[in-house]
Student: 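Below: one structure in structure tokens.
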2 protein chains.
Amino acid sequence: MNRTELQKEISEAGLKVTPQRIAILEALVELANHPTVDEIIAHIKEHHPSIATGTVYKTLETMKDKGLIMRVITDKQVMRYDAVLHRHHHLYNSETGRIEDYHDEELNQMLEEYFKKKNIENFKVKDLKLYITGEFLDN
Amino acid sequence: MNRTELQKEISEAGLKVTPQRIAILEALVELANHPTVDEIIAHIKEHHPSIATGTVYKTLETMKDKGLIMRVITDKQVMRYDAVLHRHHHLYNSETGRIEDYHDEELNQMLEEYFKKKNIENFKVKDLKLYITGEFLDN
DNA sequence: GTACCTGCAAAAGATTTGCATCTTT
DNA sequence: AAAGATGCAAATCTTTTGCAGGTAC
């Protein structure tokens, strides 16, 4: 995703295109694995030293509301963000806090199929996310 | 779950049985729906006015480590706890923060089956939790 | 009696807010 | 020019920590 595409995305979400917003969205794309706000700021600071913490928080909140990015849920108390929006799941190690995306089209279809048939009383399903907890076997 | 059973659980986890711990575990059982620490404290204060905030945090952490309770993951920054330990999933409305348990044995089996066959590279699966995001249709 | 717990208060960490100034459209 | 965004600092909220005294076993 290059700069022009990022600008287009921001603009199409009805937001003004500012250098800060481009930098934040870019950071989110480059830091592929669910960065915390701190990690985002650290990454941006290299090329954009004067960005304010508050701005990053406000911007992430705005982008989340506009559907440009999403929050990843964890059992820790820092928020993590993700710019990957198509349906995917997560591998999660609760002890280390490490999270990785898990893409599995077959799983998506199986789940979709299942909930098309199954009716949950009093609930309208919008999205399905599987959290696969366990241990990473590399490093 | 009555007081004797709670005591037994605490004791079997290798923890000393104190009035505070009984009260906390009891609150978690009574406040069935994933209370925050604040909600737990408020609930306990009725019958146990002098409990310290720090104690509640420490106790919840300890019980989590011993596997007596678990943290529920959300995209908010307050932690929620759950005393229901057998495998279950969650219905979640991200806007309101409401979370309800979703029990579905058929789903459990389907998922278990699926991941028994499927091998995820570099990852050892320990637990599976589906987060079903959407809207509650009652109240 | 000893190991472990609790209460308290202070500290740390993360996020939000208010407002004046600046930028985008 | 108007609407919206940013920067800064203070405030808020949640969680953690250290330690002296207390309690369970």
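Since the model is a prediction, treat every value here as computed from it, not as a measurement. By convention in this document, chain letters (A, B, ...) are assigned in the order of the sequence lines, proteins followed by strands, and residues within each chain are numbered from 1.
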Student: Less than 4.5 Å apart, any side-chain heavy atom of B/Thr36 and any of B/Met79?
Tutor: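 No, their side chains stay 4.5 Å or more apart.
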Student: How many whole angstroms separate atom CD1 of B/Ile10 from atom C1' of C/dC4?
Tutor: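 So the two atoms are 14 Å apart, to the nearest Å.
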Student: Which of these passes side-chain hydrogen bond (donor to acceptor under 3.5 Å, both in side chains) with A/His89: A/Asp104, A/Asn108, A/Asp101?
Tutor: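 It is A/Asn108; the other options fail the test.
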Student: With a 6.0 Å cut-off on the ring centroids, do A/His86 and A/His103 count as close?
Tutor: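 Here the rings of A/His103 and A/His86 have centres that are less than 6.0 Å from each other.
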Student: NZ of B/Lys76 versus C1' of C/dT16: gap in Å, rounded?
Tutor: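 Those two atoms, NZ and C1', are 15 Å apart.
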Student: Check whether any side-chain N or O of B/Thr53 sits under 4.0 Å from OP1 or OP2 of C/dC8, and answer yes or no.
Tutor: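 False: B/Thr53 side-chain N/O out of range (4.0 Å or more) of C/dC8 OP1/OP2.
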Student: Could you tell me the separation between the CD atom of B/Glu61 and the C1' atom of C/dC5, rounded to a whole number of Å?
Tutor: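 To the nearest whole Å, that distance equals 15 Å.
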Student: Reckon A/Thr36 touches a base, only the sugar-phosphate, or nothing at all at heavy-atom distances under 4.0 Å?
Tutor: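 Counting heavy atoms under 4.0 Å across all strands, no contact is made by A/Thr36.
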Student: Salt bridge check: are A/Lys64 and B/Asp75 linked by an N-O gap of less than 4.0 Å?
Tutor: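 Salt bridge: no.
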Student: Shoot me the first and last contacting nucleotide of DNA chain D against chain B, ordered 5' to 3', at under 4.0 angstrom to non-hydrogen atoms.
Tutor: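 The contact span of chain B on DNA chain D goes from D/dT14 to D/dC25.
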Student: Mind calculating the distance between CD1 (B/Ile51) and P (C/dA9) to the nearest angstrom?
Tutor: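 Whole-Å distance recorded here is 16 Å.
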Student: State plainly whether the residues B/Arg21 and B/Glu9 are in salt-bridge range, i.e. N to O under 4.0 Å.
Tutor: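 Here B/Arg21 does not pair with B/Glu9 in a salt bridge, since their nearest N and O are not under 4.0 Å apart.
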Student: Side chains of A/Ile99 and A/Leu91, heavy atoms from C-beta outward: is any pair under 4.5 Å?
Tutor: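 Counting from C-beta outward, A/Ile99 and A/Leu91 never come under 4.5 Å.
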Student: Please report the distance, rounded to the nearest Å, between CE in A/Met79 and C1' in C/dT16.
Tutor: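 Those two atoms, CE and C1', are 11 Å apart.
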Student: Using a cut-off of 4.0 Å between protein heavy atoms and nucleotide atoms, how would you tag nucleotides 17-25 of chain C 5' to 3' with B, S and -?
Tutor: BBB----BS
Student: Could A/Arg98 and A/Tyr92 be counted as a cation-pi pair, given that NZ or CZ must be under 6.0 Å from the ring centre and within 45° of the axis?
Tutor: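 No, cation not above the ring by the 6.0 Å, 45° rule.
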Student: Is it the case that the side chain of B/Lys129 and the backbone of A/Thr133 share a donor-acceptor pair, with hydrogens and angles ignored and the cut-off at 3.5 Å?
Tutor: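 The answer is no, because no donor-acceptor pair under 3.5 Å joins these two groups.
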Student: Between B/Glu112 and B/Lys116, is there a side-chain N and carboxylate O pair less than 4.0 Å apart?
Tutor: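 No, no charged N to carboxylate O under 4.0 Å.
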Student: Between the protein and nucleotides 11-13 of chain C, which nitrogen or oxygen pairs are less than 3.5 angstrom apart?
Tutor:
none

Student: Nearest 0.5 Å, what's the CZ-OH distance between A/Arg71 and A/Tyr81?
Tutor: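 Rounded to the nearest 0.5 Å, the CZ-OH separation comes to 4.0 Å.
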Student: At 4.0 Å (heavy atoms only), tell me whether A/Thr62 reaches a base, stays on the sugar-phosphate, or touches nothing.
Tutor: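 Nothing, no heavy atom under 4.0 Å.
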Student: Is the A/Tyr131 to A/His90 ring centre distance short of 6.0 Å?
Tutor: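 Yes, they do, as the ring centres are separated by less than 6.0 Å.
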